[in-house]
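Step one of this worksheet: look at the structure below.
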Amino acid sequence: MTKMTMRTPEDFGFLAVVYSHGWYQCPPFHWDAEEKTLTRVARDATGQPVVLRIREPRRGTLEIQADVEGKLTDADRRKLRSDVRQMLQLDREIAGFHDLCRRHEHLAAIPELGAGRFLRCPSVWEELVKSICGTNVQWSQAVRMISRVAELGEPVEGYHAWPTPERIAEAGEETLREQCRLGYRAPYIIELAASLRDGSLDLGPIERGELEGPDLRKAFLAVKGVGPATADYLMILNGVADRLSIDSAVYAFVKDRHFGGRRPSAAEIEQLYEPYGEWRALAYWFEAMQEYWWGPAGFDFVPDPGRE
DNA sequence: TTCCAGGGGTAGA
DNA sequence: TCTACCCATGGA
């Protein structure tokens, strides 16, 4: 076992990032609400799965425990630290969003909570699969699909690593349909896995943040199974917040909160959040999280394991 | 039973 | 670009 510590930005709140959206409920993330510890099967510099346990012993510091025999190499340490930075978006600049929150009473608690970053998967591949599993199903059902896909990954200490594209491609459509119960999503994910395996698709430019807004959106939409709502959602995760991802959850929230029980049009929703400019997606997201799921004082009624 | 969830692909206009 | 229609699954 090896322990590492990391400093976090002043505007970073560990719980707020874990609870930023539903990823913490999806393997290979495992959240222990009692111990406030996020467990994740990551991969070291050579691709070997490693169980990481991340917690925040005090604000400003993360403690990362890697369950490995012997010592980690310097390369492994760099890789795992880099994964943690990616998963918790430690390098994301959100000061502008917090400034905006302080100018709006209903968002004033967001900076206090250290919210504004999202829990991320270490790879875009994993996030694409999870997002496709989340289309046209209740979230609790998506979590079950994702959990069954995760079980196709290599077992490690009672957990599973996220399966590689090669492993999914080898498992085949039949396995995704019959065993993982993905239904019509199965061929989309097989096609994605196969194109990554044979190199006809390269997610590198997305991973490295090389694409600007419109090109990034185009890249997501090019993946079969990813439509406008999912592409916009992935954009938000990738740090482009000037566009809402309008799905059924958005309608459900704004209908009661802003339109007196009437279901608004998409254009009306756009208009409502337009004043928040480049941060509009975060302004919506964290308003909804706080009102619907976090509770007024922080995280009193965060659901576990599946929010409806 | 019927509806529909954190939609998307496709064909046809 | 917009609109029907279809697509698995499973909870409500």
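In what follows, chains are A, B, ... by sequence order, proteins preceding strands, each numbered from 1.
Between Gly134(A) and Val226(A), it is Gly134(A) whose nearest contact on DNA chain B lies nearer the 5' terminus. Heavy-atom distances to DNA chain C give each of Asn136(A) and Arg144(A) a nearest nucleotide, and the one nearer the 5′ end belongs to Asn136(A). Taking for each of Val137(A) and Thr230(A) the nucleotide of DNA chain B with the nearest heavy atom, the 5'-most of the two is the partner of Val137(A).
Atom CD1 in Ile236(A) sits about 16 Å away from atom P in dG6(B), given to the nearest Å. As a whole-Å value, the separation of Gln138(A) CD from dC3(B) P is 16 Å. One can place CZ of Phe253(A) at 19 Å from C1' of dA5(B), the figure rounded to the nearest angstrom. Here dA8(C) presents its C1' atom at 12 Å from CZ of Arg148(A), a figure rounded to the nearest Å. Nucleotide dG6(B) holds its P atom 13 Å from the CD1 atom of Ile146(A), rounded to whole Å. Note: CE (Met145(A)) to P (dG10(C)) measures 8 Å, nearest angstrom. Atom CG of Leu128(A) and atom P of dG7(B) are 17 Å apart (whole Å). Residue Asp247(A) contributes atom CG, which lies 16 Å from atom P of dC4(B) at whole-angstrom precision.
Heavy-atom distances under 4.0 Å link DNA chain B to no residue of residues 258-278 of chain A. Within residues 167-185 of chain A, the residues having any heavy atom closer than 4.0 Å to DNA chain C are, in order of number, Arg177(A), Arg181(A), Gly183(A), Tyr184(A), Arg185(A).
Within the structure, a side-chain polar atom (N or O) of Ser248(A) is placed less than 4.0 Å from OP1 or OP2 of dG7(B). Of the side-chain N and O atoms in Lys130(A), none sit less than 4.0 angstrom from OP1 or OP2 of dG6(B).
Between the Arg59(A) side chain and the Phe12(A) main chain, a donor and an acceptor come within less than 3.5 Å of each other. Under a 3.5 Å cut-off, the side chain of Glu154(A) and the backbone N or O of Pro163(A) do not form any donor-acceptor pair.
Ranking dA5(B), dG6(B), dG9(B) by closeness to the Gln141(A) side chain, first place goes to dA5(B).
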Subject >> ring-ring contact (aromatic ring centres under 6.0 Å, His included) between Tyr24(A) and His30(A), intermediate numbers included >> reply: CA-CA 6 Å; Tyr24(A) 74 95; His30(A) 302 271; over 10 Å; no
Subject >> Steps toward salt bridge (Lys or Arg N to Asp or Glu O under 4.0 Å) verdict (Arg55(A), Glu35(A)) >> reply: CA-CA 8 Å; Arg55(A) 65 187 198 96; Glu35(A) 300 294 327; over 6 Å; no
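Using a 4.0 Å heavy-atom distance criterion, Tyr188(A) is classed as a sugar-phosphate-only contact. Within 4.0 Å (heavy atoms only), Ser245(A) reaches no atom of the nucleic acid at all.
For Phe118(A) and Phe286(A), the ring centers sit closer than 6.0 Å to each other.
Between Tyr276(A) and His106(A), the closest heavy-atom pair is OH-CE1, 3.2 Å.
In this structure, Arg40(A) is positioned above the aromatic face of Phe29(A), its NZ or CZ under 6.0 Å from the six-membered ring centre and within 45° of the axis.
Taking atom P on both dG6(B) and dT10(B), the two are 24 Å apart, rounded to the nearest angstrom.
Salt bridge absent: Asp44(A) and Lys79(A) never bring a charged side-chain N and a carboxylate O closer than 4.0 Å.
A distance cut-off of 5.5 Å between ring centres, combined with a plane angle under 30°, leaves Tyr233(A) outside any stacking arrangement with the base of dG6(B).
A donor and an acceptor atom, one from each side chain of Tyr233(A) and His21(A), are located under 3.5 Å apart.
By the 30° and 60° cut-offs, the orientation of the rings of Tyr19(A) relative to Phe299(A) is tilted.
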